[in-house]
Structure formats: C-alpha cells, structure tokens
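Sequence lines set the chain letters: A, B, ... in the order given, protein chains first and strands last, and positions in each chain run from 1.
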Amino acid sequence: MSLKLKPLGGRVVVEPIEQEEVTAGGIVLPETAKEKPQKGVVLAVGPGDRDEDGKRIPMDVAVGNKVLYAKYGGTEVKIDDKKLLILRESDLLAIVEE
Amino acid sequence: MSLKLKPLGGRVVVEPIEQEEVTAGGIVLPETAKEKPQKGVVLAVGPGDRDEDGKRIPMDVAVGNKVLYAKYGGTEVKIDDKKLLILRESDLLAIVEE
Amino acid sequence: MSLKLKPLGGRVVVEPIEQEEVTAGGIVLPETAKEKPQKGVVLAVGPGDRDEDGKRIPMDVAVGNKVLYAKYGGTEVKIDDKKLLILRESDLLAIVEE
Amino acid sequence: MSLKLKPLGGRVVVEPIEQEEVTAGGIVLPETAKEKPQKGVVLAVGPGDRDEDGKRIPMDVAVGNKVLYAKYGGTEVKIDDKKLLILRESDLLAIVEE
Amino acid sequence: MSLKLKPLGGRVVVEPIEQEEVTAGGIVLPETAKEKPQKGVVLAVGPGDRDEDGKRIPMDVAVGNKVLYAKYGGTEVKIDDKKLLILRESDLLAIVEE
Amino acid sequence: MSLKLKPLGGRVVVEPIEQEEVTAGGIVLPETAKEKPQKGVVLAVGPGDRDEDGKRIPMDVAVGNKVLYAKYGGTEVKIDDKKLLILRESDLLAIVEE
Amino acid sequence: MSLKLKPLGGRVVVEPIEQEEVTAGGIVLPETAKEKPQKGVVLAVGPGDRDEDGKRIPMDVAVGNKVLYAKYGGTEVKIDDKKLLILRESDLLAIVEE
C-alpha cells in the first residue's frame, strides 16, 4: 500500500517508533529530560521549502531514514489505523543509524 | 456555477470535507490530538506570494487537490450556503491522494 | 466627486459594503465565525510597498474591485459622511466577482 | 522662519491640524473608532531609510503635503510654541488632497 | 582634552544639553508627552553598522551636531564628571539647527 | 563503537564532561552565575545550515573539540547509557584548549 | 600562560576590570543608571559571524582593547581563578582609550 500523503514544502511524514524501555546497544530516550525527543521513520518527504529567490532548498532526509524529532512539533493524522506525524524538517534533530 | 472568489497572494480557497468517523483504508483524523488537521478540496488558487525581488513564487497546490490543513487557520466565508475557507498555502500540510 | 485620499505604500482605500443578511446566489458572510471578513469596494490604490532594493512591488487589486478583508485591520476615516477604511493590501483576502 | 529640525532616516516632521468637528465636503475623523487617525501638514522630510545595500529609499511625501497618520506614533516636540511631531513615514497612512 | 570613547558599530556618544524651561525662538521640549525627547550634542561617531554584505553603512550625523534623541535609549557613562550617553544612531530622531 | 547519531543542519552532538570542582590551571565553571556554561566534547557535526541561496554554511567546530555551551540549550538523548546532547552550533560559546 | 578559550562566531572573551570609585581624568561609571556598563579588556576575539552568503564579517575589536559592555550580557567562566566573560561583540558599546 503506497502512502496517501504528499507533504508540502519542507515537511515530512514520520511514523513514530514505539520505544522499548531498555535495549542492548540501542538508543534509549531519557524519561526525565524536559524536552523528550521521539524516534520515527520517514515515510514521505516534501519537495523542500523555497529560498528567497523561489528555488527549492533540497531536503536532507530521505524516505526510510530513522530520525529523532522534537516531541512538541508536528500534526498528527491517522491513515488506516496508523498514527502518523506531519513535521517540518527543521523539527528533525538527527538521523539515527543502527 | 463558477467560483466567485479569487484569492489574493499566496492564498487558496478550500471547501471543507465533512469527515466520516471511520473509513476502510481512508484517512481518519484523530479526535484527541491537540492540533486537529482538517480535510478539504481546493476550489481556487491565488497567484502566489512575491519573493524579495517582487517575483511570484509558484503555488504548490492546484484546483481539485484534496488537502490537509491546520484547523486554526484561515477565514470562513459562505457562498450559496457553502461554507468555504480562505487559507494561506503555508497553512496547508499535505496533499491527500486517494 | 473625486476621492481626496491618496493611500501611501501598499495601502488601499476601501468603502465597506453594507451586507444583506441573505442573498440568492450571493455571498453571505457568517455571523458566528470568530474572524468575520467584510466586503467592500476599492476606491483608491497606493503605489505599492518597496522591495529590498527599493523598487515598487505592483499592487494586485485595482480601483473598482470588490474585496473581502479581515475585519480587524485598517483605520477608519470619514469623507463627506462616507465611512472609509485605509487598509494594507495584505489585509485583503480575496477579490469577489459577481 | 525656517524649520530648525532636520529629521533623520525615514522620518518626517508633521504639524498637526486642529480638526473642526464638522466640515462641508471635508474630511471628518470619527470619534468612536478605536484607532483614530490625525491630520497634519508635513514640515520637513528626512533623507530616507537605507535599503539592504545601504542605498537611500526615496520618500513618498513632500514638504507641504497634508497627511493622515496613526495617532499613537511619533514623538512630540515644541518649537516656538508650535507642537510638532517627528514620525516615521511608515506611520503615515495617506496624503489628503483638498 | 580629547574624547576617550570610540563607539562601536552604528553607535554615537552624546552629551546631553541641560534644558532651559522656556527660550525665545528656541526648542522647548514638552513636559507632558508620554515619550519625551532629549537634546544633546554629538561627541563621537562610530564607524557604522554593516549591511548584509558586511560593508559599512555611512553614519548620518557628525561630531558637533545637535540632536534630539529618544529618552529611553542608550547607556550612561561618566567621563571626568561629564555624564555622557552611548546611543545607536537609530535612536536619534532629528538634527537641530539653531 | 561508532556514533549512531548524524545531526541534521547546523547541529552537533556533544558528550558532557563531568566537572571537577577545582583544577590546577584548569577551567572551573562558576557556581553562582545565573547562566552556567557546560563543558563537553564534540562527537558528531552536522553538514551545516543553509544560507539564503541554499548553500551550506561551514561548521566551525570539529569532532574531538572541547567546547563550552549554554546550559539551557539542546535536547538530551541516551546512547548505550551515555547521556548525549544535540545542540545547535550557535549554542556553543567557545572551544576550550587544554 | 596563553588563553585557553577560543570564542566562536562573533564572540569575544573579556576580563572585567575592577572599577575604582573615583579617578582623576578617568572614566567613572554611574551608580544610579538603570543599565550600568562595565569596563574590561579583550583577551580573545572570535573569527566573526557570517553574513548571508556565509562570508565572515570582520571583528571591530582586537585583543588588548579596553571596552565598555552592557552588564546584562554574556556568560561567565573561570580560568585559573580569573573570572572571564564570553560576550557577543554586539554587546560591546565602545572602545575606551586612556
């Protein structure tokens, strides 16, 4: 089934990854930090924002990337019972390689 | 009947789509998220905002597109008993393909 | 009688149109929306704001256009007992064609 | 007597015009609007603000123009018992022709 | 005695002029305006701020100019018992010619 | 073990250095200052933010640099029980050479 | 002993100068002004901020300069029992020549 959402501008669609409490060698996100990042996988990538001359700024993430993103950002939608997020790329903090 | 509203700048006219509670394979928008996106169809598209040199920035959506947009945005008008919204394109989150 | 106000920069002079409650095939503005747009006719158009290089950005509306504008904007003046508004063009939402 | 104030940047010196309550065919400013514009005559005009490259942006008003300006703006000074205002040109709304 | 302060960027050093209450033909600053301008003489002028390309923007005031400036701005220092002000040029309203 | 986080844009990954209370000839961070900087070592460096034309702005820090950074900034993540920070380079104050 | 801090971007490292209460011919900073400037000597100078095209903007102060700076700015660190400040150059008001 192909994704039904095409994000606009510099936005991406991310599917949150449920987070195991402790992993061997994996990333565990802290419980007490005031700003908790979330982990997710990129499902769709917009065409990029435009610079001052109207040209597209290329996106730095690609479909399939695992990313950390700020928890407070984005807008939640549901597709076929999956909870997805539409985020701006600037709300993504890092790509996670595993 | 042709649309009587020509949006200015980077604005679009959107007709909200009433949302069925549950659909098979469709998009269901969450009830509990603090920021609920809405679904609608684009009825008219403005000429685009101007960049720093006064040139038009092309619009990314077209008449007929189904879009998700942030609920808080835009201004409501009624034409022939239809409730329409005038929104900035930057308030549109994604194009929905079905 | 010619208009006595020449708006400066990206401003326009608009004469509000009194709004009939219900019209057949016309635009009826909602009573309950938190941000109510108003309808008016453009009486005068400024020379346009300047871009970063000091060049004029052309105006998108012309004298005679019927427009919707955000209610909260602008400054009210009275000329010969007519209540007029001086608005920035960016406060205009759409041109209404009838 | 020549004016003793040379405004800097994009500023102008304006002498407020006392406003008759009602005039035949003249402009009468409303008493109830939340933002009341004032009428005045331009006594001096600054050299203009600078654009991003440091070049002057030409001023749109000239000495002698009658103008409407937002009441809240500017700084009041007294010269020879005349109360004058130093305003930014962007606080001027329109030129009044009579 | 030469001045010991070289202002940085778009700043100037101003020595406030004590203001006589009433002068014949002179400037008298109002007592009741909410924002009272002050009069002073420019003692030193910085090299100017830089524009977007890092080039200096020339200053519009010179040493010896009498200026009006917004009262709230600037930082006060004392040199040899003289109270001086370091202000941004943009806080200067007008040059006073007498 | 190689780092699993690739910071995006102008971000860096920093591992905080536990701070000894007093060191001979070392840097001791104050206890009473309202804004306390922290010391850490740079583990990963993003590709840099983009300028107005979409070109990368080179990063000024490199992997291995010891840096001072503002305490309030950044987002905390845990990798293999190490607490790391994802910070914008602009939150880094200085490189510490020892 | 050479300085161990290399400030980043448009930042400088300043060592505050303890201020004698009264000096003959010297600068005495006021006790009552709401914003008190401080005097210090520049110990290290960063490479400069970058302009919109990513090029460095040259710094206007040099190592050894005595400067006045706004008291509220900067971040305090201690090196070998000396209290130093990391400040942005834009928080420096003037160079003091003695």
Separation between CD (A:E52) and CD (F:E52), nearest 0.5 Å, reads 3.0 Å
Partners of A:K66 by side-chain hydrogen bond (donor to acceptor under 3.5 Å, both in side chains), sequence neighbours excluded?
A:E98
Minimal heavy-atom distance between A:D51 and F:G54, with the atoms involved, is OD2-N, 4.4 Å
Considering all heavy atoms of both residues, which atom of A:P37 and which atom of F:V77 are nearest to each other, and what is their separation?
CG-CG1, 3.4 Å
Could you pull out all donor-acceptor pairs under 3.5 Å where a side-chain atom in residues 56-63 of chain A meets a protein atom, sequence neighbours excluded?
unit_1	atom_1	unit_2	atom_2	d
A:R56	NH1	A:G48	O	2.9
A:R56	NH1	B:D60	OD2	3.4
A:R56	NH2	B:D60	OD1	2.7
A:R56	NH2	B:D60	OD2	3.4
A:D60	OD1	F:R50	NH2	3.0
A:D60	OD1	F:R56	NH2	2.7
A:D60	OD2	F:R56	NH1	3.4
A:D60	OD2	F:R56	NH2	3.4

Closest non-hydrogen atom pair between A:A94 and F:P7, with its separation
CB-CA, 3.8 Å
Working to the nearest 0.5 Å, report the span between CG of A:L93 and CG of F:L85.
11.0 Å
